[in-house]
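To start, the structure under review is shown below, and the notes come after it.
Only heavy atoms go into these numbers, but all of them, side chains included; no hydrogens, no water, no symmetry mates.
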Amino acid sequence: MILVLLGTQNYSFHRLLEEIQKCIDKGLISQEVIVQSGGTKFASPQMKLFSLIGQNDLQELINKADFIITHGGVGSIVSSVKLHKKVIAVPRLEKYGEVSNDHQIQIIETFANEGFIIGVHDVSELEDALEKVKDFEPKTLKSNTENIISLIRNYIDNN
C-alpha cells in the first residue's frame, strides 16, 4: 500500500494527485493508494481519498505503508522517517498557489541531502522517484530533539 500525505491545510495539491493517477494509468503503481488529501479535491476510482485521517488511524497507515509520497511538510516527513519508512517528497510551489512561499523546496532538499528521503523538485520527476524507491534505504532519524533542531538550524542557516 502507498500512503499519500498532502497535509491538512486548505491549499490544493491537485498536481501531485494528477501525476499519481498518470502513474496508476501507466501501470507504474499497482498497489492500493490511500490519500490524506486535506484541502485537495480530487476523484479517482483507483485511490481511497480522505480529507482528514485521525492520528491513530494515520499512524497505523504509516506503519502499514510500503512507502509514502508526501508534500514537503515537516510533520509528514518526520512522522514517516521516524518509523524508518521510505519517503518520496514533492514540494508544493508558490507559483501554483499551493503554498504562500517555496519553503518546502528547502525542507525537502535538507532531508534528501541527509539521506532520509527521496526528494524531487517537481511532480514530473515522480516516475523516476518510483523507480528509485525500490532500492532506497533511508538513513535512520534518531528520535531526539537535538537531531531535529540540528536539521532545522541547518535549514535556517542555508536560507
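In this structure, K22 pairs ionically with E19, as a charged nitrogen and a carboxylate oxygen lie closer than 4.0 Å.
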Residue pair H71, Y11: steps toward the side chain to side chain contact (heavy atoms under 4.5 Å, CB included) verdict: CA-CA 11 Å; H71 71 128; Y11 292 105; over 6 Å; no

Could you go step by step and tell me if F116 and K139 meet the side chain to side chain contact (heavy atoms under 4.5 Å, CB included) rule? CA-CA 5 Å; F116 295 117; K139 187 176 169 184; 3.9 Å; yes

Given E60 and N56, is the side chain to side chain donor-acceptor pair (under 3.5 Å) satisfied, shown in steps? CA-CA 6 Å; E60 186 176 323; N56 290 339; over 6 Å; no

Report the C-alpha separation of F67 and L130 in whole Å, then their side-chain angles, then the decisive distance to 0.1 Å, and conclude whether the side chain to side chain contact (heavy atoms under 4.5 Å, CB included) test is met. CA-CA 10 Å; F67 64 91; L130 290 170; 3.7 Å; yes

Check against side chain to side chain contact (heavy atoms under 4.5 Å, CB included), H84 and T140: CA-CA 6 Å; H84 202 65; T140 301; 3.3 Å; yes

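Both V120 and I29 are part of a single hydrophobic cluster, where members link through side-chain heavy atoms under 4.5 Å apart. Under a hydrophobic-cluster definition in which Ile, Leu, Val, Met, Phe, Trp and Tyr are linked whenever side-chain heavy atoms come within less than 4.5 Å, directly or via other members, V123 and I2 are assigned to the same cluster. Linking ILVMFWY residues whenever their side-chain heavy atoms come closer than 4.5 Å, directly or via other members, leaves V4 and F50 in distinct clusters. Note: the hydrophobic cluster containing F42 also contains I88 (ILVMFWY, side chain heavy atoms under 4.5 Å, direct or indirect links). Taken together through direct or relayed side-chain contacts under 4.5 Å among Ile, Leu, Val, Met, Phe, Trp and Tyr, V81 and F136 form parts of separate hydrophobic clusters.
Atoms CD1 and CD, on I20 and E127 in that order, are 12.0 Å from each other to the nearest 0.5 Å. Remark: S37 OG to L49 CG distance equals 5.5 Å, nearest 0.5 Å. A distance of 6.0 Å separates CG in L6 from CG in L16, rounded to the nearest 0.5 Å. Interatomic distance, CD1 of I34 versus CG of L61, reported as 5.0 Å (0.5 Å rounding). Rounding to the nearest 0.5 Å places OG1 of T40 at 11.0 Å from CZ of R15. Within the model, atoms CG of L3 and OG of S76 stand 9.0 Å from one another, a figure rounded to the nearest 0.5 Å.
L17 and M47 make their closest contact through O-CE, 3.6 Å (heavy atoms, listed as atom of the first residue, atom of the second, distance). In terms of heavy atoms, Q104 sits closest to G73 at NE2-N, 3.8 Å. The two atoms that bring S80 and L5 nearest to each other are OG-CD1, 4.0 Å, heavy atoms only. Summarising the geometry of I108 relative to V90, their closest heavy-atom pair is CD1-C, 3.4 Å, with the distance given to 0.1 Å. Smallest separation of non-hydrogen atoms from L93 and E98: N-OE1, 2.7 Å. The minimum heavy-atom distance between G119 and A112, with the atom names listed, is N-CB, 3.9 Å.
At least one donor-acceptor pair closer than 3.5 Å links the side chain of R92 to the backbone N or O of S12. When atom types are taken as modelled, the side chain of K85 and the backbone of I68 share no donor-acceptor pair closer than 3.5 angstrom. Counting only distance, with no hydrogens or angles, the side chain of K86 and the backbone of D66 share no donor-acceptor pair below 3.5 Å. At distances below 3.5 Å, not a single donor-acceptor pair connects side-chain atoms of N10 with backbone N or O atoms of G39.
For H121, the NE2 atom is loosely surrounded, since the number of other residues' heavy atoms within 6.0 Å does not exceed 12. Counting non-hydrogen atoms of other residues, nucleotides and ligands closer than 6.0 Å to CD of Q9 gives a total of 12 or fewer. In this structure, N101 places its CG atom where more than 12 heavy-atom neighbours from other residues, nucleotides or ligands lie under 6.0 Å away.
The shortest side-chain heavy-atom distance between K48 and V33 does not fall under the 4.5 Å cut-off. Between F111 and V78, some side-chain heavy-atom pair lies under the 4.5 Å cut-off. Contact of the T70 side chain with the I117 side chain is not registered, since no non-hydrogen atoms from C-beta on lie closer than 4.5 Å.
Remark: the Q59 side chain and the N63 side chain contain no N/O donor-acceptor pair separated by less than 3.5 Å.
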